[in-house]
Amino acid sequence: MKEVSDLDSRLPVREHLRNTKKVLKMVNELDPFWLPFCLARYLLQVTNGYLALILSAYILDAIGGGAGYWQICKVTACLCVGMFLLGNAASFLHLRTEARKAALYARYHTLTEEKMLGMDFARINSPECEVLKRRIRDDLNWSSGIYSVFGSLDGILHGVLNLVGAVAVGFPVVGLVLGSGKSAVWLVLVLAVAVSAVTTCMGTRFMALYNQCLNRFADTMGGHVPFLGWAFANGSQFCYQNGMDVRIYGSCQLMKRYALDNGELPEDRMTMRKISGYLGKSRFCQVLSGQLLEGAAFILVGILALAGAVTVGNVLRYAGCIRNLFGELDGLAKTVPELFLNIRKHMSTMELLELENVMYKGSLPLEKRRDGEYRIEFRNVSFRYPGSGQYALKDFSMKLRVGEKLAIVGRNGSGKTTMIKLLSRLYDPQEGEILLNGVDIRKFRQEEYLKLFSVVFQDFKLFSLPLGENVAAACRYDQGNVVRCLEDAGFGERLHQMEEGTGTYLYKDYEDGVEISGGEAQKIAIARAVCKDAPFVLLDEPTAALDPLSEYEIYTGFDRIVGDKTAIYISHRLSSCRFCERIAVFQEGQVVQMGSHEELLQEEGVYRELWEAQAQYYRSGKHDTESRI
């Protein structure tokens with residue numbers, strides 16, 4: 001699915017202002033003092049600058065008017081002390097605002113990360129959210145995220161205050177211009193403003209064309225393509241295991257194609273030249289506009305000075321004010337659209353933050369039972385994954401007995417893993433209901449309901465964190481309990497070989513981390529499931545990569561560990577599940593057979609077909625471990 005960026009489409013000013021208000025509100029909620037501190041800082045800086053301008057004008061006029069030496073020194077000293085104090089205060093606020101900006105940026109990232117962690121699993125994996133995440137990635141590829149907004153806000157705050165200062169300090173020149181009656185003054189003023197307006201409009205238009213071409217260029221390359229190779233090799237998706245695959249399969253040229261060569265094709269070079277041309281023309285117009293206004297300011301005040309309307313000192317004062325006035329107007333004409341664009345790039349992130357969870361969290365407290373008497377029933381459950389037109393489960397019904405050991409088998413796509421995801425409320429069914437002790441599970445508090453289940457998925461993940469934190473899934477944990485769970489899961493021997501014990505970091509992402517094998521990782525995942533001490537324990541083919549004998553040993557060992565808890569085992573290998581009291585056979589989202597291993601072999605059906613097919617496979621000599629089970 002390919003989304004085309006809409007950053008080059010036009011938005012009404014009202015929409016831009018609404019977006020800006022929304023982002024500013026978020027920034028203010030994250031840190032209510034950052035914007036006031038920025039405002040105070042720029043106010044002091046601007047005031048300091050105009051005091052220097054006023055002082056320079058005063059000294060020239062005082063010398064020209066024959067003022068006394070000590071009088072000039074006293075005024076100069078007072079203003080210098082004031083500027084010194086203002087300068088130091090502005091520097092202090094500058095340090096404070098930069099520190100607060102860094103903290104604000106960290107809070108902002110925490111906000112987005114907490115949103116992802118707190119979002120419903122079903123929502124995260126929905127097509128809508130996948131499209132939004134791709135938009136966020138593509139938008140951030142061409143900007144620095146919220147930092148771009150901070151930069152634009154800084155420029156606008158400084159520009160507006162400098163503009164106000166120019167008007168306040170240079171206001172008398174307005175009366176002089178209006179009362180001069182000199183056509184040359186008006187001619188210079190009108191020509192400067194007209195030419196500057198034209199060049200500013202041209203520069204803004206070229207900048208808009210630059211952004212349009214850049215966004216279209218990104219879209220034609222699929223958004224992620226320019227960064228795919230680098231992200232895989234050494235970027236956001238870097239993992240040291242990637243380097244092994246790249247070298248074993250000789251994928252260096254493939255990565256180079258996407259990381260380095262992309263954009264080097266003749267048509268890409270033509271597009272980049274076009275983009276660079278627009279940027280260069282925009283910059284030229286900006287410089288030309290600024291230079292014209294600055295020159296016009298000095299010419300304008302010079303004409304007034306020759307006519308005797310202003311003193312020599314005020315030539316400097318008014319010229320500086322007019323230059324700042326025109327310069328800031330020109331700057332704001334560029335900075336405001338830049339802010340709107342940066343905020344528009346940020347709106348995809350705002351949409352993510354505003355996404356609401358759709359799963360009902362429930363309000364009923366879960367009854368805590370020491371006897372573990374929790375009865376689960378699937379009643380006429382039907383479920384389709386978001387964006388799919390095919391049912392993963394259809395009119396599915398099944399009861400789980402307390403304390404039983406249930407195996408679930410079936411071909412790929414028969415609904416085995418889907419049943420586990422629905423049971424653990426990663427998804428909710430579209431039809432039917434799942435009952436816990438006769439009550440719909442959606443009515444229970446979700447965080448309490450989830451405590452009932454320990455799940456080891458086929459694609460389970462361990463983190464590059466200390467071993468103990470991986471097992472306990474917490475920063476603080478019972479050391480003895482973690483060690484006991486690791487030993488029960490068969491990881492005791494390797495644990496005692498680790499110098500740091502449960503404090504050992506997993507994987508080589510850290511200098512002192514250790515590498516673990518696939519089998520060891522599975523034992524740690526099983527220890528994590530045991531450590532949670534939940535009444536229901538679910539194994540969703542976490543041992544699929546192991547040979548049949550190893551899988552059988554892990555399953556039977558795990559069965560011993562869980563004791564009288566309710567356990568559900570999913571496996572493609574039927575021989576690994578023979579120890580279970582009941583075996584449920586799934587096909588096309590329904591249970592088509594149920595019984596013990598011996599009972600299912602006695603009847604015609606899917607189970608016997610699968611068993612005979614696997615038995616024939618191993619008898620043929622391709623695999624002899626199954627025969628030993």
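Starting from 1, each residue takes its place in the sequence as its number. Just the heavy atoms: all of them, side chains too, but no hydrogens, waters or symmetry mates, feed the values below.
No more than 12 heavy atoms of other residues, nucleotides or ligands sit less than 6.0 Å from atom NZ of Lys74. More than 12 heavy-atom neighbours from other residues, nucleotides or ligands sit within 6.0 angstrom of CD on Glu447. Other residues, nucleotides and ligands contribute more than 12 heavy atoms inside 6.0 Å of the NZ atom of Lys361. The 12-atom threshold is not exceeded at CZ of Arg96, counting heavy atoms of other residues, nucleotides or ligands nearer than 6.0 Å.
For the residue pair Thr97 and Cys38, the shortest heavy atom distance occurs at CG2-N, 3.6 Å. Between Met202 and Cys285, the shortest heavy-atom contact is CB-SG, 3.9 Å.
In this structure, the salt bridge (Lys or Arg N to Asp or Glu O under 4.0 Å) partners of Asp154, at least two apart in sequence or on a different chain, are Lys101. Contacts of Phe340 classified as ring-ring contact (aromatic ring centres under 6.0 Å, His included), with partners at least two apart in sequence or in another chain: His16. Scored by the ring-ring contact (aromatic ring centres under 6.0 Å, His included) test, Phe37 finds no partners at all (sequence neighbours excluded). Considering only residues two or more places apart in sequence or on other chains, Phe33 meets the ring-ring contact (aromatic ring centres under 6.0 Å, His included) condition with none of them. For Lys22, the salt bridge (Lys or Arg N to Asp or Glu O under 4.0 Å) partners at least two apart in sequence or on another chain are Glu354. For the side chain to side chain donor-acceptor pair (under 3.5 Å) test, no residue two or more places apart in sequence or in another chain qualifies with Arg107. Listed by chain and number, the residues in a side chain to side chain donor-acceptor pair (under 3.5 Å) with Glu448 are Arg445 (sequence neighbours excluded). Listed by chain and residue number, nothing satisfies the ring-ring contact (aromatic ring centres under 6.0 Å, His included) test with His94 (two or more places apart in sequence, or in another chain). For Arg123, the salt bridge (Lys or Arg N to Asp or Glu O under 4.0 Å) criterion is met by Glu128, not counting sequence neighbours. By the salt bridge (Lys or Arg N to Asp or Glu O under 4.0 Å) test, Lys21 is found to be paired with no residue, residues two or more places apart in sequence or in another chain being considered.
The closest side-chain heavy-atom distance from Ile124 to Lys133 is below 4.5 Å. Side-chain contact between Phe206 and Phe284 is absent, with no heavy-atom pair separated by less than 4.5 Å. At least one side-chain heavy atom of Thr110 sits under 4.5 Å from a side-chain heavy atom of Glu114. Within the 4.5 Å cutoff, side-chain heavy atoms of Ser348 are placed close to those of Leu132. Using a 4.5 Å heavy-atom threshold, the side chains of Leu325 and Leu163 count as touching. In this structure the side chain of Val482 never reaches within 4.5 angstrom of the side chain of Leu467, judged on heavy atoms. Between Ile343 and Ser152, the closest side-chain pair of non-hydrogen atoms is not below 4.5 Å.
The aromatic rings of Phe150 and Tyr105 stand perpendicular to each other, their planes meeting at an angle above 60°, with 30° marking the opposite boundary.
Within the 3.5 Å criterion, the main-chain N or O of Tyr505 finds no donor-acceptor partner in the side chain of Asp512. Using a distance-only test at 3.5 Å, with no hydrogens or angles considered, no donor-acceptor pair links the side chain of Asn28 to the main chain of Leu24. Panel note: side chain Asn342, backbone Leu153; no donor-acceptor pair is recorded below 3.5 Å. Without hydrogens or angle criteria, Asn470 side chain to Phe463 main chain gives a donor-acceptor distance under 3.5 Å.
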All N/O donor-acceptor pairs, side-chain side in residues 299-306, below 3.5 Å, sequence neighbours left out:
none

Output a table of donor-acceptor pairs, distance under 3.5 Å, between side-chain atoms of residues 45-53 and any protein atom two or more places apart or on a different chain; print 'none' if there are none.
| unit_1 | atom_1 | unit_2 | atom_2 | d |
| --- | --- | --- | --- | --- |
| Thr47 | OG1 | Leu43 | O | 2.7 |
| Asn48 | ND2 | Met83 | O | 3.4 |
| Tyr50 | OH | Asn162 | O | 3.0 |
| Tyr50 | OH | Asn162 | OD1 | 3.1 |
| Tyr50 | OH | Ala166 | N | 3.1 |
| Tyr50 | OH | Asn324 | ND2 | 3.1 |

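Between atom CG of residue Leu339 and atom CD1 of residue Ile156 there is a gap of 4.0 Å, rounded to the nearest 0.5 Å.
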